[in-house]
Protein chains: 2
Amino acid sequence: MVSLTEENYLKALLSLAKEKGEVNVTDLSKHLGIKMPTANSMMKKLAEKKLVVYESYKPLRLTEKGKKTAGLIIRKHRLTEMFLVDKMGFGWEQVHEIAEQIEHIHSQDFFEKMDELLGYPKFDPHGSPIPDKNGKMEWISYQTLTHCNVGDVVHLAAVTNSSAEFLKFLNARELKLGARLRILAIESFDKSMTITYDGRSDEVLSALVCEKLLVTL
Amino acid sequence: MVSLTEENYLKALLSLAKEKGEVNVTDLSKHLGIKMPTANSMMKKLAEKKLVVYESYKPLRLTEKGKKTAGLIIRKHRLTEMFLVDKMGFGWEQVHEIAEQIEHIHSQDFFEKMDELLGYPKFDPHGSPIPDKNGKMEWISYQTLTHCNVGDVVHLAAVTNSSAEFLKFLNARELKLGARLRILAIESFDKSMTITYDGRSDEVLSALVCEKLLVTL
DNA sequence: GTAAAATGTTAGAATAGACTAACAAAATTT
DNA sequence: AAATTTTGTTAGTCTATTCTAACATTTTAC
Ligand SMILES: [Mn+2]
Ligand SMILES: [Mn+2]
Ligand SMILES: [Mn+2]
Ligand SMILES: [Mn+2]
């Protein structure tokens, strides 16, 4: 009923809506690495399927049905990532690409079994929430590290980028979810932060890195 | 380089070659549930990719490259089935359909990890050999139960049909791989067999069932 | 508040994979 | 050996997904 291609569009729409509020065709096509007219005509198709509300020159919106469909794909994606890390021994930097494919497998049983074997996890290995069986997910209001101040002590709760390069960067510094971070200094010129955690002292993180780290107080 | 669709064609060619010797377009199209002209034009495409030898009105043949490619997909399929049964707790009747999809996942790491976690298995849950990393598989010369005689005592080594219906039929009779079967009688009229195994006595199996059971002496 | 830039849309074409209808060759029956 | 059936091929069409080129609208800049 919904093709693999369409599933990827829906997922993109949901995540762009989450990070930017409004979604336009330019963002969508950039996100998916396709040209604008391609995205445009797919939006019309998804509108016919009642998954998207499309009006010329207006921002794109998912319908409730579209949100649910997208949420269920993200559920499959994140359950897969969790399974790959917890049950198969992959590193958190290895799983996104594989999950990107496995999320399109058609088999209720397969994902229900994963869920069960994992003990019904609520978060994936990158700290993102796993949507429930209705495709609904609760976004906990984390802060980016960028918004913290000198002296703050916070815990690393999630990362907003699952690329292998970024996660290998964190691996190299033994920076893991749950780590207790203390902010020692913030360079006012470039907003880079000096922090300590675990045994580590005086790690300097650029603002580009800090804005990808979500923390709780 | 090879699409999901093409992968399924290659697999079909390999398994038809194994079971029938020569493969023609009619068999191939029936096996895949497509029309003859569709199969025909795909054969020309695969011939251009040097995966198939195509000559008008001649039987279809896989090239060495084609055999290897097909073997590697079957490797992924069977490793998956083994993983689903041994590591995830699925029944042998549930795994074929899921594996039919997962065999197309592009990730060396994923299947290598499965292989490692499984301890480098040589056979899948249905008793079929798992091809090696070069796509080569050794076919052990099993016999179908049909070819056995009254008084023979044999072990169930493999089944040649992985459909859920057939495997549920075997489940209902607690007939598993490895079972030691003794042939009590063969009905000459319809070739149905009366056998005993485990605690079971006097199970009658039709010839249709017997020919799908591969045994060792 | 016009001009320029950015964004969005339409039209037309390409490729992959499937189909039907019509024709051709090979195999099988009489 | 001719007729019939089966099998295989060609030609043309369709849908899904992508593209480029051209045009339209909206937003931003001056
Ligand atoms: Mn991911
Ligand atoms: Mn995907
Ligand atoms: Mn199988
Ligand atoms: Mn398949």
Side-chain angles (χ1 to χ4, degrees), chain A residues 1-14 16-17 19-62 66 69-70 73 100-101 103-106, chain B residues 1-14 16-17 19-62 66 69-70 73 100-101 103-106:
Chain A
M1 182 87 194
V2 180
S3 72
L4 183 151
T5 307
E6 290 168 338
E7 287 188 348
N8 283 333
Y9 276 90
L10 292 175
K11 242 187 13 151
L13 287 168
L14 192 64
L16 286 170
E19 73 182 60
K20 302 207 168 188
E22 291 203 333
V23 187
N24 56 31
V25 186
T26 308
D27 291 341
L28 180 62
S29 58
K30 274 177 189 155
H31 188 89
L32 290 170
I34 57 178
K35 301 296 175 178
M36 232 192 288
T38 306
N40 187 274
S41 64
M42 181 58 90
M43 289 308 99
K44 290 179 172 178
K45 180 149 70 116
L46 292 179
E48 277 180 11
K49 292 193 177 187
K50 310 288 182 203
L51 293 162
V52 162
V53 181
Y54 174 82
E55 294 171 278
S56 287
Y57 299 105
K58 296 256 174 70
L60 303 166
R61 289 188 297 117
L62 283 168
T69 307
I73 301 157
E100 202 57 51
Q101 299 176 64
E103 68 190 0
H104 305 291
I105 298 292
H106 296 301
Chain B
M1 182 86 195
V2 180
S3 72
L4 184 151
T5 308
E6 290 169 337
E7 287 188 348
N8 283 333
Y9 276 89
L10 292 174
K11 243 188 12 151
L13 286 169
L14 192 63
L16 287 171
E19 73 183 59
K20 303 208 168 190
E22 290 202 333
V23 187
N24 57 32
V25 185
T26 307
D27 291 340
L28 180 62
S29 58
K30 276 178 187 154
H31 188 90
L32 291 170
I34 56 176
K35 301 296 174 179
M36 234 192 286
T38 306
N40 187 274
S41 65
M42 181 57 91
M43 288 308 99
K44 289 179 173 180
K45 180 150 71 114
L46 292 180
E48 275 178 14
K49 293 192 176 187
K50 307 290 181 202
L51 293 162
V52 161
V53 181
Y54 174 81
E55 294 171 275
S56 288
Y57 300 105
K58 296 255 175 71
L60 303 166
R61 289 188 299 116
L62 285 168
T69 306
I73 302 157
E100 202 58 52
Q101 299 176 65
E103 68 190 1
H104 305 290
I105 299 292
H106 295 302

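In what follows, chains are A, B, ... by sequence order, proteins preceding strands, each numbered from 1.
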From the list A:Ile73, A:Leu62, A:Thr69, side-chain contact (heavy atoms from CB on, under 4.5 Å) with A:Leu14 holds only for A:Leu62

Checking side-chain contact (heavy atoms from CB on, under 4.5 Å) between A:Leu28 and each of A:Leu32, A:Asn24, A:Thr26, which is the one that passes? A:Leu32

Can any side-chain N or O of A:Lys49 pair as donor or acceptor with the backbone N or O of A:Met1 at less than 3.5 Å? yes

Is it the case that the side chain of B:Gln101 and the backbone of A:His106 share a donor-acceptor pair, with hydrogens and angles ignored and the cut-off at 3.5 Å? yes

Under 4.0 angstrom between [X] side-chain N/O and [N] OP1 or OP2:
X	N	answer
A:Ser56	C:dT9	yes
B:Ser3	C:dA16	no
A:Tyr54	C:dT9	yes
B:Tyr9	C:dA16	no
A:Thr26	C:dG8	yes

Whole Å only: how far is the [atom1] atom of [X] from the [atom2] atom of [N]?
X	N	atom1	atom2	value
B:Met42	C:dT15	CE	P	16 Å
A:Asn40	D:dA22	CG	P	19 Å
B:Met43	D:dT9	CE	P	11 Å
B:Leu28	D:dT6	CG	C1'	17 Å
A:Leu4	D:dT15	CG	P	21 Å
B:Lys49	C:dG17	NZ	P	7 Å
A:Met36	D:dT25	CE	P	16 Å
B:Tyr57	C:dA27	OH	P	11 Å

Please name the pair of heavy atoms, one in A:Tyr54 and one in A:Ala47, separated by the smallest distance, quoted to 0.1 Å. CB-CB, 3.8 Å

Among [options], which is the nearest nucleotide to the side chain of [X]?
X	options	answer
B:Lys35	D:dT9, C:dC19, C:dG8	C:dC19
A:Thr38	D:dC19, D:dA24, C:dG17	D:dC19
B:Ile34	C:dC19, C:dG17, C:dA25	C:dC19
B:Thr5	D:dT9, C:dG17, C:dG8	C:dG17

Nearest-nucleotide 5' precedence on DNA chain D, A:Glu6 against B:Pro37: B:Pro37

